[in-house]
Amino acid sequence: MGFGMVLSAVIHGLQAEIIQVEADASNGLPVFQMVGYLSTEVKEASQRVRTAIRNSGVDFPAKKVVINLSPASIRKKGSSFDLSIAVSILIALGIVPQKAVENMMLIGELGLDGNVRKVPGILPVVLKAREKGICICVVPKENKKEGTLVSGIKIVGVESLKELVKWLLGQVNLKEEQNEEYMCLEKQQADKDFSDICGQENVKRATEIAVAGGHNLLMIGPPGSGKSMIAKRIPGIFPPMTLEESMEVTKIYSILGKLDPKAPLICRRPFQSVHHTISKSAMLGGGRIPVPGEISLAHRGVLFLDELPEFQKNVLETLRQPLEEHSIRISRSGGEYIFPSDFMLVAAMNPCPCGCYPDLNQCTCTPTQIQNYLGKISQPFLDRIDICVEAPKVNYDQLIDKEKHESSAQIRERICKAREIQMKRFQEEKISSNAAMEIKDIEKYCNLEKKEKELLKNAYTVLGLTARSYHKILKVARTIADLEGEENILSGHIKEAIGYRTLDKKYWGR
């Protein structure tokens with residue numbers, strides 16, 4: 001008879017929880033029993049582990065084996081417990097000494113042949129292990145590079161259970177790797193450049209302002225006017241990600257198993273282009289044990305919604321809270337899950353079902369069709385859009401113009417300067433961009449002279465703006481001033497910012 005205990009972990013939202021994997025082997029009927037609030041895939045580990053141990057050249061005697069995954073209050077899911085279950089059994093059988101796994105965590109899935117296969121969520125698991133003072137993490141060899149993103153802890157990559165057992169017994173040496181300093185510099189050129197865009201100078205200007213201040217952007221125009229082309233080039237004009245931002249994004253992608261094993265650290269801004277058939281749970285994240293959705297995958301980057309009115313109305317309405325709070329809260333019986341959602345929303349749409357409105361000579365839609373089409377987007381949703389800009393049809397002369405257009409690098413340089421101004425301004429605040437300003441921040445950093453106040457007052461009255469729209473105009477005006485290197489918000493900045501709020505009045509008349 002014997003007892004063995006190994007440390008492992010389970011992903012709970014975006015965090016990892018330490019799990020103790022306990023094994024007891026005793027005389028009795030040869031059964032393999034597992035307890036501890038387990039999902040189906042964890043229960044199936046009994047067959048994988050038993051076969052993997054046998055195929056690794058270890059005799060599995062006819063014993064009564066009981067496995068407990070503690071604490072029992074946390075639901076266990078996934079196949080990442082296989083390796084720890086197998087080693088805890090080998091300890092209970094007296095094949096591996098308990099001392100060999102002291103201060104060590106084991107994560108990995110086992111194949112029937114005993115090979116260790118990669119699993120998602122290694123990064124948050126290793127971060128948790130370091131937090132708890134664990135010295136060594138044993139992970140699948142394919143996940144080793146991801147594990148070494150974390151400093152201050154040794155990572156051992158294993159290919160098979162047999163190899164791991166020999167290492168634990170001191171029969172072979174496995175390289176223990178530690179983190180090297182990662183520099184998240186986006187040196188590689190963007191795949192798509194703004195110099196490819198013909199015409200649309202107003203849209204480019206609006207896009208530059210939107211990125212410089214982290215503002216949400218809506219482009220309205222006929223099919224083929226370049227809305228999607230511009231949207232796809234937006235990540236190329238963002239400032240480079242900091243190492244902290246990269247680790248945040250990498251953690252999310254790690255949990256979903258979306259990392260490249262050869263280059264796990266994400267250094268490019270995410271760009272999530274979402275199809276209009278997406279469900280509410282896929283957008284926000286969900287499931288019995290919730291996992292991040294498309295909104296969280298766009299964290300620190302861009303969420304692009306093409307054909308905006310084609311999205312289900314309830315899906316669009318669910319975006320309102322994440323756009324304001326930059327986080328998503330999902331409640332389940334097992335607790336509350338919080339996922340990050342600090343992204344820039346970029347949306348594109350046609351002005352009507354046929355795409356030709358307001359050109360009444362070509363538009364084939366009835367007033368009712370246009371009204372129903374535009375009516376799919378509510379006023380509260382529009383209020384959360386900082387900048388609305390029209391993308392007119394590109395004429396022939398613009399299309400064949402051989403003049404060299406401004407590149408993404410040139411635009412990005414101006415944006416980086418504006419962002420530096422904002423970083424210095426908000427160094428004592430918990431925000432980093434103008435779009436994230438709260439009312440108290442607006443009152444502090446968006447002071448207006450009498451002339452500018454009168455201008456904004458007239459616009460508020462004539463356009464019938466809401467309080468939220470009023471604050472959005474001030475935020476955008478602050479960004480325009482930053483791009484021009486102006487300390488104070490001037491009338492020209494206010495006028496341009498107001499211009500980006502008049503387009504919704506043109507189409508929706510609200």
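Just so it is clear, the values below take in all heavy atoms, side chains as well, and ignore hydrogens, waters and symmetry mates.
- Across every non-hydrogen atom of I153 and V150, the tightest pair is CG2-O, 4.0 Å.
- Put simply, CD1 on I209 and CD1 on I480 are 4.0 Å apart, with the number rounded to the nearest 0.5 Å.
- Taking 4.5 Å as the limit, every side-chain heavy atom of L345 sits out of range of all side-chain heavy atoms of L217.
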Quiz prompt | Verdict with reasoning, Y337 to H12, per ring-ring contact (aromatic ring centres under 6.0 Å, His included) | solution = CA-CA 8 Å; Y337 298 78; H12 187 79; 4.7 Å; yes

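- Y373 meets the ring-ring contact (aromatic ring centres under 6.0 Å, His included) test with no other residue; sequence neighbours excluded.
- Shortest non-hydrogen contact noted between P322 and I295 is CG-CD1, 4.2 Å.
- Residues D482 and R425 meet the side-chain proximity criterion, which asks for heavy atoms closer than 4.5 Å.
- Sorted by first and then second residue, the ring-ring contact (aromatic ring centres under 6.0 Å, His included) pairs with a member in residues 213-232 form an empty list; sequence neighbours excluded.
- Note on E248 versus K251: no salt bridge recorded, every NZ/NE/NH1/NH2 to OD/OE distance being 4.0 Å or above.
- P309 places none of its side-chain heavy atoms less than 4.5 Å from the side chain of L374.
- Under the 4.0 Å criterion applied to side-chain N and carboxylate O atoms, K118 and E146 are not assigned as salt-bridge partners.
- Across M423 and S432, no two heavy atoms sit closer than the pair SD-CB, 3.8 Å.
- Annotation: side chain of Q200 is in contact with side chain of P392 (closest heavy-atom distance under 4.5 Å).
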Practice problem: Report the C-alpha distance between C137 and V156 in whole Å, list the side-chain angles of each, state the deciding distance to 0.1 Å, and finish with yes or no for side chain to side chain contact (heavy atoms under 4.5 Å, CB included). | Solution: CA-CA 6 Å; C137 253; V156 175; over 6 Å; no

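- Heavy atoms from other residues, nucleotides or ligands lying under 6.0 Å from CG of N447 number more than 12.
- No side-chain N or O of E406 forms a donor-acceptor pair with one of Q410 less than 3.5 Å apart.
- For T466, the side-chain hydrogen bond (donor to acceptor under 3.5 Å, both in side chains) partners at least two apart in sequence or on another chain are D383, S469.
- Comment: R384 engages E324 in a salt bridge, judged by a side-chain N to carboxylate O separation of less than 4.0 angstrom.
- In this structure, L265 and L243 have side chains that are in contact, with non-hydrogen atoms separated by less than 4.5 Å.
- Minimum heavy-atom separation, V274 to F311: O-CZ, 3.4 Å.
- Nearest approach of C352 to C365, heavy atoms of both residues: SG-SG, 3.8 Å.
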Would you give me the side-chain donor-acceptor pairs under 3.5 Å for residues 455-463, sequence neighbours excluded?
residue	atom	partner	partner atom	Å
N458	ND2	E454	O	3.3
T461	OG1	K457	O	3.0

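- Within the 4.5 Å cutoff, no side-chain heavy atoms of T364 are placed close to those of C356.
- If you check the side chains of E484 and H493, you find a donor sitting under 3.5 Å from an acceptor.
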Please tabulate, one pair per line, all N/O donor-acceptor pairs under 3.5 Å involving side-chain atoms of residues 122-134, not counting sequence neighbours.
residue	atom	partner	partner atom	Å
R130	NH1	S151	O	3.0
R130	NH1	S151	OG	3.4

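- Counting only residues at least two apart or in different chains, salt bridge (Lys or Arg N to Asp or Glu O under 4.0 Å) contacts with residues 271-280 are absent.
- For the residue pair S407 and F194, the shortest heavy atom distance occurs at C-CB, 4.4 Å.
- Residues in residues 416-455 take part in these ring-ring contact (aromatic ring centres under 6.0 Å, His included) pairs, two or more places apart or across chains: F426-Y445.
- Taking the salt bridge (charged side-chain N to carboxylate O under 4.0 Å, His left out) definition, one finds that D386 meets it with K472, sequence neighbours left out.
- The pair K444-E438 fails the salt-bridge criterion, with no side-chain N (NZ, NE, NH1 or NH2) lying under 4.0 Å from an Asp/Glu carboxylate O.
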Solution key, residues 218-226 side-chain donor-acceptor pairs under 3.5 Å, sequence neighbours excluded:
residue	atom	partner	partner atom	Å
S225	OG	P222	O	2.9
S225	OG	A391	O	3.3

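- Although no hydrogens or angles enter the test, the distance criterion places no donor-acceptor pair under 3.5 Å between the side chain of R414 and the main chain of L483.
- Side-chain contact of Q422 with S433: a donor-acceptor pair under 3.5 Å is absent, judged by distance alone.
- Residue-environment remark: CD (E429) exceeds the threshold of 12 foreign heavy atoms within 6.0 Å.
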Exercise. Begin from the C-alpha positions of V315 and S279 and carry the test side chain to side chain contact (heavy atoms under 4.5 Å, CB included) through to its verdict.
Key: CA-CA 7 Å; V315 173; S279 66; 5.9 Å; no

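- Of the candidates M344, E244, R269, R269 is the only one forming a side chain to side chain contact (heavy atoms under 4.5 Å, CB included) with R300.
- Applying the ring-ring contact (aromatic ring centres under 6.0 Å, His included) rule to Y357 yields no partners; only residues at least two apart in sequence or on another chain are considered.
- Within the 4.5 Å cutoff, side-chain heavy atoms of L305 are placed close to those of L319.
- For residues 302-317, the salt bridge (Lys or Arg N to Asp or Glu O under 4.0 Å) pairs, not counting sequence neighbours, are E317-R320.
- For residues 214-243, every residue pair satisfying the salt bridge (Lys or Arg N to Asp or Glu O under 4.0 Å) rule, not counting sequence neighbours, is listed here: D196-R233.
- No side-chain heavy atom of I255 sits less than 4.5 Å from a side-chain heavy atom of Q15.
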